Amino acid sequence: MKFTVERDLLADAVAWAARSLPVRPSVPVLAGLLIEAGDIDGTEGLRLSTFDYETSARAVLNAHVSGEGRALVSGRLLADICRSLPNKPVEFTIEGSKVSLTCGSARFSLQTLPVDDYPTLPPMPTASGTVSADLFAHAVAQAVTAAGRDDMLPVLTGVRLEIDGSSIALLATDRFRLAHRELTWNPMTPDVTAAALVPAKVLADTAKSLASGSEISIALSATGSGEGIIGFEGQAGGGVRRTTTRLLDGEFPKVRSLFPAEHLTVARVDKAALVESVKRVALVAERNTAVQLAFADGSLTLDAGSGDEAQATELIEASVNGGDITTGFNPQYLLDGLTALEAPVVELAFTQASKPVVLSGADSIDGDATTDFRYLLMPRRLLS
């Protein structure tokens with residue numbers, strides 16, 4: 001195997017492929033990055049691949065190949081080396097059981113891993129449709145805000161992706177909050193319906209890494225949880241990037257019914273003002289205690305702290321329709337939801353103080369609320 005490739009193209013592709021490598025692989029070869037040089041998808045170039053039996057990553061890029069072949073090397077080490085190289089063409093050559101890497105006056109020799117022991121990567125499923133890359137990346141970033149991080153509850157560490165014709169819904173919850181994001185896409189068949197429970201971290205990393213391209217292709221091998229894999233493909237770094245991941249097993253909770261059909265109190269507040277106020281007041285909130293929000297008479301009063309400890313209070317303007325209401329929320333969870341909203345005005349819709357609030361966005365105090373993203377947040381008990 002022998003090839004020459006531009007340093008920036010190589011460094012970007014290696015970093016992308018190596019990002020999902022396991023920190024403590026179950027077998028040594030899973031720490032490797034597979035380099036294939038030759039005819040790749042009908043074009044001379046390279047394919048860089050990683051796989052840990054759950055998630056695979058492939059990056060295809062152009063290169064001048066003078067000798068075809070395959071090699072398996074430490075992915076994290078190669079990524080570190082490529083980042084440090086000068087901005088000159090990089091030449092790779094296999095020399096016995098080692099790979100020689102030369103860039104300008106810099107030269108590295110890497111021990112190869114047994115390529116024959118490397119597992120076969122899963123094939124990319126047939127594409128189900130395409131979606132705007134930046135739109136999908138933004139929607140995923142909003143949805144994963146509420147995804148769980150407790151590996152003891154693996155189902156809640158995923159994002160439920162529901163496809164119904166030209167619509168995609170993304171749902172995530174950690175039991176204390178719920179994010180629901182809807183967007184449109186271009187399905188291969190207009191009446192397609194499918195559902196998948198995708199690991200939130202993989203989904204977020206993949207969507208973000210492919211956001212620079214024009215569109216992302218989504219491919220499902222099967223519907224339902226735990227019965228197949230999902231694949232994503234897009235353009236980035238001057239080449240094609242593909243990721244597949246195994247779907248999570250388990251039944252995602254039926255959370256749509258948590259959104260109430262009607263509300264008794266609806267308040268609207270300037271989002272930037274509310275974010276800054278929550279940040280200030282939360283400075284005196286003890287760990288795991290709530291920030292109190294009291295809506296009344298066209299204003300919102302925020303309070304935190306109690307007793308002999310530090311206390312804070314702040315009053316900001318608010319448009320309140322309905323009865324007065326006083327409740328409290330985990331300040332970080334509240335800030336997460338506010339930050340995920342795009343609109344300059346946040347709408348907070350209540351049924352009663354002990355029930356969840358639904359956050360959505362609006363262009364103005366009097367404008368219509370947007371419904372493509374909703375964030376439901378459970379209240380916290382207030383200190384007496």
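Predicted model, so just to flag it, every value in this text is computed and none were measured.
- For R7 and D12, the salt-bridge test fails: no basic side-chain N is under 4.0 Å from an acidic carboxylate O.
- We find the CG-CD1 distance between L48 and I35 to be 6.0 Å, quoted to the nearest 0.5 Å.
- Remark: T370 OG1 to E182 CD distance equals 11.5 Å, nearest 0.5 Å.
- A donor-acceptor pair shorter than 3.5 Å cannot be found between the side chains of D336 and T145.
- Between the side chain of R83 and the main chain of A11, no donor-acceptor pair closer than 3.5 Å is present.
- Under a hydrophobic clustering in which Ile, Leu, Val, Met, Phe, Trp and Tyr are joined whenever their side-chain heavy atoms come within less than 4.5 Å, directly or via other members, V346 and V281 fall into the same cluster.
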Exercise. Apply side chain to side chain contact (heavy atoms under 4.5 Å, CB included) to E95 and S109, showing your working.
Key: CA-CA 9 Å; E95 298 176 349; S109 180; 5.7 Å; no
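- Distance check, rounded to the nearest 0.5 Å: CZ of R70 to OG1 of T112 gives 12.0 Å.
- S132 and D134 are linked by a side-chain donor-acceptor pair at a separation below 3.5 angstrom, with hydrogens and angles left out of the test.
- Nearest heavy-atom pair across A343 and K271 is O-CD, 3.6 Å.
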Practice problem: Let me see the working for F51 and Y118 under ring pair (Phe, Tyr, Trp, His ring centres under 6.0 Å), right down to the final yes or no. | Solution: CA-CA 9 Å; F51 184 41; Y118 199 69; 7.4 Å; no
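- Shown here for A304 and V284, the closest heavy-atom pair between the two residues is O-CG2, 3.6 Å.
- To the nearest 0.5 angstrom, H64 atom NE2 is 6.0 Å from T4 atom OG1.
- The aromatic rings of F259 and H180 sit tilted relative to each other, their planes meeting at an angle between 30° and 60°.
- Between D52 and T55 the shortest heavy-atom distance is OD1-N, 2.7 Å.
- For R181 and F373, the positive end is not near the middle of the six-membered ring at less than 6.0 Å and at most 45° from its axis.
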Self-check item: S100 and R107: CA distance, side-chain angles, deciding distance, side chain to side chain donor-acceptor pair (under 3.5 Å) verdict
Solution: CA-CA 7 Å; S100 174; R107 178 182 171 87; 3.0 Å; yes
Determine all donor-acceptor pairs shorter than 3.5 Å in which one atom belongs to a side chain in residues 353-363; sequence neighbours excluded.
| unit_1 | atom_1 | unit_2 | atom_2 | d |
| --- | --- | --- | --- | --- |
| S354 | OG | Q352 | NE2 | 2.8 |

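- Grouping the Ile, Leu, Val, Met, Phe, Trp and Tyr side chains by contacts below 4.5 angstrom, directly or via other members, places V266 apart from L293.
- Here the shortest heavy-atom pairing between P253 and T173 reads CG-CG2, 4.2 Å.
- Residues P89 and E6 share a closest heavy-atom pair of CG-OE2, 4.4 Å.
- One finds no salt bridge joining E233 and R241 here, because no Lys/Arg side-chain nitrogen approaches an Asp/Glu carboxylate oxygen to under 4.0 Å.
- To the nearest 0.5 angstrom, R47 atom CZ is 8.5 Å from L121 atom CG.
- The shortest heavy-atom contact between G322 and T265 is C-OG1, 4.0 Å.
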Self-check item: Evaluation steps, side chain to side chain donor-acceptor pair (under 3.5 Å), between T244 and S56
Solution: CA-CA 5 Å; T244 67; S56 74; 2.4 Å; yes
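- Hydrophobic cluster membership is shared by V320 and L274, with clusters built from Ile, Leu, Val, Met, Phe, Trp and Tyr side chains linked at under 4.5 angstrom.
- K201 and D205 are joined by a salt bridge, as a carboxylate oxygen and a charged side-chain nitrogen come within less than 4.0 angstrom of each other.
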